[in-house]
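Accompanying notes for the structure given below.
Per chain, numbering begins at 1; letters A, B, ... match sequence-line order. Predicted, not measured: the structure shown is a model, and the values here were computed from it.
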Amino acid sequence: MLKADSPSSNFIRNIVLEDLEANKNHGRVLTRFPPEPNGHLHIGHAKSICLNFGLAAEFGGLCNLRFDDTNPGREDVEYVESIKSAIRWLGFDWGDREYYASDYFEQLYQFAVRLIKDGKAYICDLSAGQMREYRGTLTEPGKDSPFRTRSVEENMGLYERMRAGEFQEGSRTLRAKIDMASSNLNMRDPVMYRILYATHHRTGDKWCIYPTYDFAHGQSDSIEGITHSVCTLEFEDHRPLYDWFLDQLKVYHPRQIEFARLNLSYTLMSKRRLLELVEQGHVTGWDDPRMPTLAGLRRRGYTPESIRNFCERIGVAKKNSTVDIALLEHCLREELNRCAPRVMAVLRPLRVVIDNYPEDRVEEVEAVNNPEDPSMGTRKVPFSRVLYVEQEDFREDPPKQFFRLAPGREVRLRYAYIIKCVGVVKEPVTGEVTELHCTFDPDTKSGSAQGGRRVKGTIHWVSAAHSLEAEVRLYNHLFVKPDPDDVEEGADWKSNLNENSLEILTSCRVEPSLAGAVPESHYQFERLGYFSVDSSDRTLTFNRAVPLRDTWAKIEKAQKKG
RNA sequence: UGGGCGGUCGCCAAGCGGUAAGGCACCGGGCUUUGGAUCCGGUAUCGAAGGUUCGAAUCCUUCCCGCCCAGCCA
């Protein structure tokens with residue numbers, strides 16, 4: 001029986017379990033998370049991080065953090081730092097096991113020398129274009145490179161001179177001598193080393209030849225003694241190649257297992273496209289709260305635990321799939337419902353004057369901080385004659401089942417009194433409702449016997465004179481369609497960008513207890529949603545992480561449909 | 001078209017020959033000073049067709065559909 005909080009079954013976990021039972025690796029489990037430092041981490045990476053660190057934790061093993069930094073042209077320390085901080089924030093610790101493929105450059109070089117000496121690799125002078133022609137196609141075999149038969153001595157000499165910087169970038173490569181007719185294109189003499197006159201963020205100008213990912217990855221795993229090398233589906237075709245290198249080199253074989261990467265509805269996971277959104281200003285940066293990046297989710301108000309939970313629930317399999325973003329949102333609500341203090345905030349204020357409430361009177365009503373957790377206590381909220389309520393909580397002409405304010409209607413003010421709407425003030429020209437006049441029933445104070453009176457609706461409010469002004473940013477899905485690629489013939493995925501993905505409200509009023517709210521702290525604005533304090537701001541600014549489930553919105557939508 | 005990998009409820013996903021877990025979403029209903037939370041109830045015969053078997057989502061055959069591979073990217 002699985003315990004409720006134990007990881008659910010998935011095929012990778014089962015494989016590890018089987019290996020453990022078979023006493024492979026003497027019961028050792030060592031995984032790794034291998035990012036390339038050329039971009040910021042997103043929720044898709046979180047799936048991999050949780051999987052790798054989770055497997056290690058569950059089976060008493062360890063998980064390395066290894067940067068696959070084999071392409072100096074696109075990598076940067078900035079990314080290394082960003083990635084490390086994201087993993088830490090997510091809640092994982094790689095201890096002192098922080099590695100870099102570049103740490104193995106000398107060793108990888110020596111591995112290549114061995115292959116050359118064994119006649120398994122050769123220096124090829126074909127240009128990139130020629131190499132493509134020689135490679136053949138999916139259905140036709142390739143042709144052997146004319147340089148394939150060079151002698152070991154010539155290859156060694158050339159390889160040493162490549163390292164010494166004697167040749168132009170792109171003029172030669174070191175290739176594995178495998179099989180140009182293989183039905184697996186990865187086996188058609190793949191490039192192992194290329195000449196790149198680029199400064200590497202760690203090794204500087206020490207090298208001008210760099211191993212390809214294909215030549216570096218498997219060997220790096222082997223060097224580290226990784227037991228289970230978990231990667232995404234597209235590397236399935238590369239596995240035979242990695243096995244080939246490891247076999248020729250006669251070194252330790254990790255077990256590679258491939259799983260499907262995460263896709264989420266209404267957003268994107270492609271590094272290239274996310275970069276495009278940033279560069280073209282569709283979002284404000286990598287940490288824009290609308291981005292699926294970990295930095296973005298963090299700023300949006302997502303918690304590490306909710307993301308870990310999400311990763312646990314989506315499972316791990318080999319089927320390409322797109323998870324409904326509603327599940328992610330659910331995981332956040334679930335946690336914040338338990339932990340987030342409740343508070344009252346009015347996003348679109350509508351002034352309410354309680355006609356029969358004394359002008360100079362102020363009461364402190366007691367409000368529960370979290371009904372899910374009594375230990376979080378209560379707080380005092382000031383109540384007075386002039387309040388603000390939510391504009392949408394008043395309808396001059398209320399539809400059926402609308403339980404909020406309307407002319408002549410009663411409603412409960414949360415933690416305070418039942419009030420009745422007795423007057424509506426409008427802007428003479430536009431007809432816009434600008435103020436409500438109400439009367440309160442002094443016998444209905446929250447907590448009192450209230451004479452058996454009950455009303456259908458309860459709304460939140462804030463005392464006009466005591467409330468604080470705040471800015472609130474409402475976020476919605478980045479794209480208008482579940483699949484951003486679902487476009488008309490010829491149209492771009494960007495045509496599916498949601499123009500209303502961000503709505504900024506500047507004249508919101510929040511209860512005074514929010515003064516000095518700490519950046520990144522989370523609150524539930526009662527009846528509205530979960531919000532977190534923006535980290536970048538001087539004034540009180542809240543980001544809406546996720547709205548509360550809204551049954552009324554559903555009812556109304558259904559009513560409008562018919 | 002060659003090779004690799006997939007196809008279980010609207011979306012994820014367990015299951016590994018013994019008669020379809022769970023979560024999200026959705027739809028009812030109870031409760032409620034958040035139309036929140038919570039509680040109860042509802043919804044699949046497993047891509048298709050054959051076959052093996054007392055018995056198949058699980059084995060075999062054929063077919064259909066989807067994804068990946070022709071970077072000196074990862």
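- Comparing atom distances between the Ser321(A) side chain and each of rU1(B), rA13(B), rG23(B) picks out rA13(B) as nearest.
- Distance check on atom P: rU61(B) versus rG6(B) gives 16 Å, rounded to whole Å.
- For rU58(B) and rA14(B), the C1' atoms lie 13 Å apart once the distance is rounded to whole Å.
- OP1 or OP2 of rU34(B) has not a single side-chain nitrogen or oxygen of His460(A) nearer than 4.0 Å.
- A gap of 32 Å separates the P atoms of rC72(B) and rG7(B), to the nearest Å.
- The partner of rU52(B), taking Watson-Crick or G-U wobble pairs whose two distances both stay under 3.5 Å, does not exist in any strand shown.
- Between atom NZ of residue Lys554(A) and atom CG of residue Asp550(A) there is a gap of 8.5 Å, rounded to the nearest 0.5 Å.
- Comparing rA20(B) with rU52(B), their P atoms sit 23 Å apart, to the nearest whole Å.
- With rG4(B), rU33(B), rG23(B) as the candidates, the nucleotide lying closest to the side chain of Thr458(A) is rU33(B).
- Straight-line distance from the CG atom of Asn320(A) to the P atom of rG6(B): 11 Å, rounded to whole Å.
- Contact annotation: Lys319(A) does not reach the phosphate of rG66(B) (side-chain N/O to OP1 or OP2, under 4.0 Å).
- Of the side-chain N and O atoms in Arg313(A), none sit less than 4.0 angstrom from OP1 or OP2 of rC12(B).
- Glu366(A) has its CD atom 17 Å from the P atom of rU33(B), to the nearest Å.
- rU45(B) and rA57(B) have their C1' atoms separated by 8 Å, given to the nearest Å.
- Between the P atoms of rG29(B) and rA21(B), the separation comes to 27 Å (whole Å).
- Applying the 4.0 Å criterion to OP1 and OP2 of rG23(B), one finds that Ser8(A) has every side-chain N and O outside that range.
- Using atom P as the reference point in both rG30(B) and rA44(B), the two lie 24 Å apart (nearest Å).
- Listed nucleotides: rC12(B), rC24(B), rU33(B). Nearest to the side chain of Ala326(A): rC24(B).
- When distances are taken from the side chain of Asn337(A) to each of rA14(B), rG36(B), rG6(B), the shortest belongs to rG36(B).
- At the phosphate of rU32(B), neither OP1 nor OP2 sits under 4.0 Å from any side-chain N or O atom of Arg527(A).
- Listed pair Arg74(A) / rC73(B) fails the phosphate criterion, with no side-chain N or O lying under 4.0 Å from OP1 or OP2.
- Close to rC11(B), at under 4.0 Å from its OP1 or OP2, lies no side-chain N or O of Ser265(A).
- Of the possible polar contacts, none joining the Asn64(A) side chain to the Arg66(A) backbone as a donor-acceptor pair under 3.5 Å is found.
- At rU32(B), none of the side-chain N or O atoms of Lys456(A) fall inside 4.0 Å of OP1 or OP2 (strictly under the cut-off).
- Look at Thr70(A) and you'll find a side-chain N or O under 4.0 angstrom from OP1 or OP2 of rA74(B).
- Taking atom C1' on both rG66(B) and rU8(B), the two are 16 Å apart, rounded to the nearest angstrom.
- Distances shorter than 4.0 Å separate none of the side-chain N or O atoms of Arg342(A) from OP1 or OP2 on rU34(B).
- Of the candidate nucleotides rG2(B), rG23(B), rC26(B), rC26(B) has the atom nearest to the side chain of Arg549(A).
- Proximity of a side-chain donor or acceptor of Arg32(A) to a complementary backbone N or O of Asp221(A) within less than 3.5 Å is not detected.
- Closest-nucleotide positions on RNA chain B for Ile459(A) and Arg333(A) were compared, and the one nearer the 5' end corresponds to Arg333(A).
- An OP1 or OP2 oxygen of rG71(B) is reached within less than 4.0 angstrom by a side-chain nitrogen or oxygen of Arg132(A).
- A salt bridge links Glu276(A) to Arg272(A): one of the charged nitrogens lies within less than 4.0 Å of a carboxylate oxygen.
- Nucleic acid contact class of Glu36(A) (heavy atoms, under 4.0 Å, all strands): sugar-phosphate only.
- Residue Ala317(A) is classed as a sugar-phosphate contact, given heavy-atom separations below 4.0 Å to backbone atoms only.
- Arg348(A) and Glu392(A) are not joined by a salt bridge, as no carboxylate oxygen comes within less than 4.0 angstrom of a charged side-chain nitrogen.
- A centroid separation of less than 6.0 Å is found between the aromatic rings of Tyr213(A) and Phe235(A).
- Atom OG of Ser48(A) and atom CG of Leu41(A) lie 9.0 Å apart (nearest 0.5 Å).
- Nearest nucleotide to the side chain of Asn14(A), out of rA70(B), rC24(B), rG15(B): rG15(B).
- Between Ile418(A) and Leu413(A), every side-chain heavy-atom pair lies at or beyond the 4.5 Å cut-off.
- The phosphate of rU34(B) (OP1 or OP2) has no side-chain N or O of Arg412(A) nearer than 4.0 angstrom.
- Side-chain nitrogen and oxygen atoms of Lys554(A) include at least one within less than 4.0 Å of the OP1 or OP2 phosphate oxygen of rC26(B).
- Residue-to-nucleotide contacts include a donor-acceptor pair under 3.5 Å from the side chain of Ser446(A) to the base of rU33(B).
- Across all strands shown, rG41(B) forms a Watson-Crick or G-U wobble pair with rC27(B), both key distances being under 3.5 Å.
- When both distances must be under 3.5 Å, the Watson-Crick or G-U wobble mate of rG66(B) is rC5(B).
- Mapping Phe403(A) and Glu236(A) onto RNA chain B by nearest heavy atom places Glu236(A) closer to the 5' end of the strand.
- Not one N or O on the side chain of His217(A) forms a donor-acceptor pair closer than 3.5 Å with the backbone of Asp214(A).
- With hydrogens and angles ignored, a donor-acceptor pair closer than 3.5 Å exists between the side chain of Gln524(A) and the base of rU34(B).
- Using a 5.5 Å limit on the distance between ring centres and a 30° limit on the angle between planes, the aromatic ring of Trp552(A) counts as stacked on the six-membered base ring of rG35(B).
- Between Arg272(A) and the phosphate of rC73(B), there is no side-chain N or O to OP1/OP2 separation shorter than 4.0 Å.
- Look at rU33(B): it lacks any Watson-Crick or wobble partner with both distances under 3.5 angstrom.
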